[in-house]
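Heads up: the structure comes next, in structure tokens.
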There are 2 protein chains.
Amino acid sequence: MPTLFSIGTLSHATGCKVETIRYYEKIGLMPEPARSEGGQRRYHRRHRERLQFIRHSRELGFTLDDIRELLTLSEQHQHADAIARRHRDAVQNRISALTALRNELDRMIGECEKGHPGECRVIDVLSDHGKCLTEHSG
Amino acid sequence: MPTLFSIGTLSHATGCKVETIRYYEKIGLMPEPARSEGGQRRYHRRHRERLQFIRHSRELGFTLDDIRELLTLSEQHQHADAIARRHRDAVQNRISALTALRNELDRMIGECEKGHPGECRVIDVLSDHGKCLTEHSG
DNA sequence: ACTTGAACCTGTAGTCACTATAGCTTTTTT
DNA sequence: AAAAAAGCTATAGTGACTACAGGTTCAAGT
């Protein structure tokens with residue numbers, strides 16, 4: 001990869017769509033890059049690393065606001081600990097919620113398998129809150 | 001609960017906000033209810049059951065399009081487990097990714113406690129896909 | 001019977017995190 | 001040099017709501 005590259009090359013390198021890169025720039029998550037004579041964006045390695053960080057974090061379910069904070073954390077290694085702990089707890093909460101959800105889905109699928117052919121319990125479970133093991137309103 | 005009830009009562013019974021109920025009606029997920037003399041919505045038991053089904057499904061992370069499909073299946077008394085399975089797998093993938101991230105955060109917090117801050121591997125892990133334990137594109 | 005105020009109505013605009021389109025200009029390839 | 005690919009800006013659309021403005025109806029208290 002040459003020193004400077006286009007938005008398309010950056011897109012290809014990160015798996016992030018061109019439109020999304022421009023969007024990240026617009027909302028201030030990516031810095032404004034240099035421009036060519038003709039006004040096209042010219043990126044380099046640092047941009048690619050930052051964008052990879054953003055994409056990776058997004059895939060793990062962080063919001064753009066979370067990522068803004070994580071990026072700050074990465075730039076100034078000072079208050080890293082507190083922020084890291086808070087994120088750790090947030091991640092754990094999400095894991096717990098998703099695990100409960102997966103268990104419920106497994107149970108639903110299991111019920112469906114036990115049912116006589118042609119009879120699906122998924123719909124029943126979704127209809128009737130009393131048949132649901134997880135705690136949620138409704 | 002009387003035979004006919006207002007949107008507020010339905011909202012209270014299902015934990016679904018009034019605006020959301022009207023929104024579901026607008027997009028055709030809830031049928032248009034009867035109206036009072038003065039034009040206010042009047043629901044009955046069947047509406048409540050349908051809305052409970054929708055809310056329950058939403059809480060389990062199904063999209064409105066999934067739910068549309070589930071409702072069709074429930075009306076035709078067909079199998080719905082394929083949708084549930086697909087969704088279950090997506091949830092499991094997310095759990096795996098988040099668990100890997102939480103482990104990284106734990107490890108980093110541990111290192112911070114041992115007394116070398118500054119070296120924040122979380123950022124590394126999020127920046128560099130090669131250092132990430134989970135499988136995902138990017 | 002009348003008045004108050006909570007609940008209701010419609011319609012529109014805003015949220016988040018993109019995604020897609022239109023109608024151009026620049027860059028690259030042939 | 002011409003054609004094609006990639007880029008540009010600006011705007012509108014997506015999903016699943018949520019909030020607001022400005023008006024109407026309903027139920028309860030007097």
Side-chain angles (χ1 to χ4, degrees), chain A residues 1-30 32-44 47 50-51 53-71 90 94 136-138, chain B residues 1-30 32-44 47 50-51 53-71 87 90 94 137-138:
Chain A
M1 187 124 49
T3 313
L4 291 175
F5 43 89
S6 72
I7 196 167
T9 307
L10 179 60
S11 169
H12 196 76
T14 57
C16 183
K17 294 192 178 175
V18 166
E19 292 84 0
T20 307
I21 297 171
R22 288 198 282 250
Y23 167 72
Y24 286 165
E25 182 184 327
K26 200 166 73 181
I27 64 168
L29 206 59
M30 285 292 288
E32 290 182 22
R35 298 280 183 147
S36 70
E37 289 281 293
Q40 300 194 356
R41 289 170 179 81
R42 289 296 174 259
Y43 296 93
H44 52 98
H47 291 103
R50 189 184 178 96
L51 185 54
F53 178 92
I54 294 168
R55 289 315 298 170
H56 207 151
S57 304
R58 281 295 296 139
E59 278 169 26
L60 293 176
F62 288 97
T63 67
L64 293 186
D65 274 354
D66 285 339
I67 295 168
R68 238 181 261 273
E69 210 173 339
L70 283 167
L71 281 163
R94 188 145 45 209
H136 52 85
S137 55
Chain B
M1 188 122 52
T3 314
L4 291 174
F5 44 89
S6 72
I7 196 166
T9 307
L10 179 61
S11 169
H12 195 77
T14 56
C16 182
K17 293 193 178 175
V18 167
E19 292 85 0
T20 307
I21 298 171
R22 287 197 282 249
Y23 168 71
Y24 285 165
E25 182 183 326
K26 199 165 75 181
I27 64 167
L29 206 57
M30 286 291 288
E32 289 182 22
R35 297 282 183 147
S36 70
E37 289 282 293
Q40 300 194 356
R41 288 170 179 81
R42 289 295 174 260
Y43 296 94
H44 53 97
H47 292 101
R50 190 183 177 97
L51 186 53
F53 180 93
I54 295 169
R55 290 314 296 171
H56 203 154
S57 304
R58 281 296 294 141
E59 278 169 24
L60 293 176
F62 290 96
T63 67
L64 294 186
D65 273 354
D66 284 339
I67 295 168
R68 236 182 263 274
E69 209 173 336
L70 286 168
L71 282 164
H87 187 59
R94 179 132 295 186
S137 58

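Nearest heavy-atom pair, B/G8 versus B/V18, reported as atom, atom and distance to 0.1 Å: CA-CG2, 4.3 Å. Nearest heavy atoms, A/I54 versus A/I67: O-CD1, 3.7 Å. In terms of heavy atoms, B/H44 sits closest to B/T3 at CB-O, 3.0 Å.
Applying the 4.0 Å criterion to OP1 and OP2 of D/dC26, one finds that B/R35 has every side-chain N and O outside that range. Under 4.0 angstrom from either OP1 or OP2 of D/dA16 there lies no side-chain N or O belonging to B/T20. Distances shown here put every side-chain N or O of A/Y24 at or beyond 4.0 Å from the OP1 or OP2 atom of C/dA17. Between B/R68 and the phosphate of D/dA16, there is no side-chain N or O to OP1/OP2 separation shorter than 4.0 Å. Remark: A/R41 is not in phosphate contact with D/dG7, judged by side-chain N or O atoms under 4.0 Å from OP1 or OP2.
Residues A/R41 and A/E25 are paired through a salt bridge, judged by an N-O separation under 4.0 Å between the basic side chain and the carboxylate.
If you check C/dC9, D/dC17, C/dA17 against the side chain of A/Y23, the one that comes closest is C/dA17. Of all nucleotides listed (C/dA17, C/dT10, D/dC8), C/dA17 comes nearest to the side chain of A/L64.
Looking at heavy-atom distances under 4.0 Å, B/I27 makes no contact with the nucleic acid at all.
When rounded to the nearest whole Å, the span between CG of B/L29 and P of D/dA16 equals 10 Å. Spacing between atom CD1 of B/I21 and atom P of D/dA16 amounts to 17 Å, rounded to whole angstrom units. For A/F5 and D/dA6, the CZ to C1' distance is 16 Å, given to the nearest whole Å. Residue A/H12 contributes atom NE2, which lies 14 Å from atom C1' of D/dA6 at whole-angstrom precision. For the pair B/I7 CD1 and D/dT24 C1', the interatomic distance rounds to 15 Å; values are reported in whole Å. When rounded to the nearest whole Å, the span between CG of B/L51 and P of D/dC17 equals 11 Å. Atom NZ of B/K17 and atom P of C/dC9 are 17 Å apart (whole Å). The interatomic distance linking A/E25 (CD) with C/dC18 (P) rounds to 15 Å, in whole Å.
B/T14 places a side-chain N or O within donor-acceptor distance of the main-chain N or O of B/L10, the cut-off being under 3.5 Å.
With sequence neighbours left out, the salt bridge (charged side-chain N to carboxylate O under 4.0 Å, His left out) criterion links A/R68 to A/D65.
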**Request:** Can you check each nucleotide of nucleotides 21-30 of chain C against protein heavy atoms at under 4.0 Å and return B for base, S for sugar-phosphate only, - for none, in 5' to 3' order?
**Result:** -----BS---
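Of the N and O atoms on the side chains of A/R50 and A/Y43, not one donor lies less than 3.5 Å from an acceptor on the other residue.
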